[in-house]
Amino acid sequence: MGLEKTISGDTSKLIWEKFVESLATAGIPYAMRMIDRMPAFPDELPPENWVEIRFSCDDGMLTVRRTTDAISVVVWGNADQKLQDRMQQVTGILQSMVA
């Protein structure tokens, strides 16, 4: 069980470093956990051609999946309201980057 929000757009516009800067500007703590289903260091940067990233923030774990024309934000399990709100906030940041 989980929740998923998908955003259509040009995902080549998504630069991970800029996304992380946007998280910091929004006051969202961030630590990388997995890159393309492999464990990652908390401050590790993904390769340019990444497909799936999992990162943790203060409210839980979020997964970001990328295809050529869409980005999905996923939370796994029973997400409480705080994590759902965080998911919405992250989705908004991503939407502004790929629109």
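Atoms considered below: every heavy atom in the structure, side chains included; atoms not considered: hydrogens, waters and symmetry mates.
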With rounding to the nearest 0.5 Å, note down the distance linking [atom1] in [X] to [atom2] in [Y].
X: C57; Y: L62; atom1: SG; atom2: CG; answer: 4.5 Å
X: R66; Y: W16; atom1: CZ; atom2: CH2; answer: 9.0 Å
X: F55; Y: R33; atom1: CZ; atom2: CZ; answer: 11.0 Å
X: T25; Y: K18; atom1: OG1; atom2: NZ; answer: 12.0 Å
X: L94; Y: T6; atom1: CG; atom2: OG1; answer: 11.0 Å
X: D59; Y: D80; atom1: CG; atom2: CG; answer: 7.0 Å

Is a donor on one side and an acceptor on the other found under 3.5 Å between the side chain of [X] and the backbone of [Y]?
X: Q88; Y: D85; answer: no
X: Q84; Y: A79; answer: yes
X: S72; Y: R65; answer: no
X: D69; Y: G9; answer: no

Quick one: are [X] and [Y] in side-chain contact, heavy atoms under 4.5 Å?
X: I53; Y: M34; value: no
X: K13; Y: D10; value: yes
X: V73; Y: T63; value: no
X: R37; Y: E52; value: yes
X: L3; Y: V74; value: no
X: W76; Y: R54; value: yes

E17 atom CD, over 12 foreign heavy atoms within 6.0 Å: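 Enclosed: over 12 neighbouring heavy atoms sit under 6.0 Å from CD of E17.
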
Hydrophobic cluster identity match, M87 and M61, side-chain contacts under 4.5 Å: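 M87 does not cluster with M61.
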
Shared hydrophobic cluster, W50 / L45 (ILVMFWY, side-chain heavy atoms < 4.5 Å):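 Same cluster: W50 reaches L45 through Ile, Leu, Val, Met, Phe, Trp or Tyr contacts under 4.5 Å.
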
Closest contact, heavy atoms only, [X] versus [Y]:
X: M32; Y: Y30; value: CE-OH, 3.1 Å
X: I15; Y: M97; value: O-CE, 3.7 Å
X: T11; Y: V98; value: CA-CG1, 4.0 Å

Verdict with supporting geometry, D58 and R86, salt bridge (charged side-chain N to carboxylate O under 4.0 Å, His left out): CA-CA 9 Å; D58 55 351; R86 185 65 75 201; 3.0 Å; yes

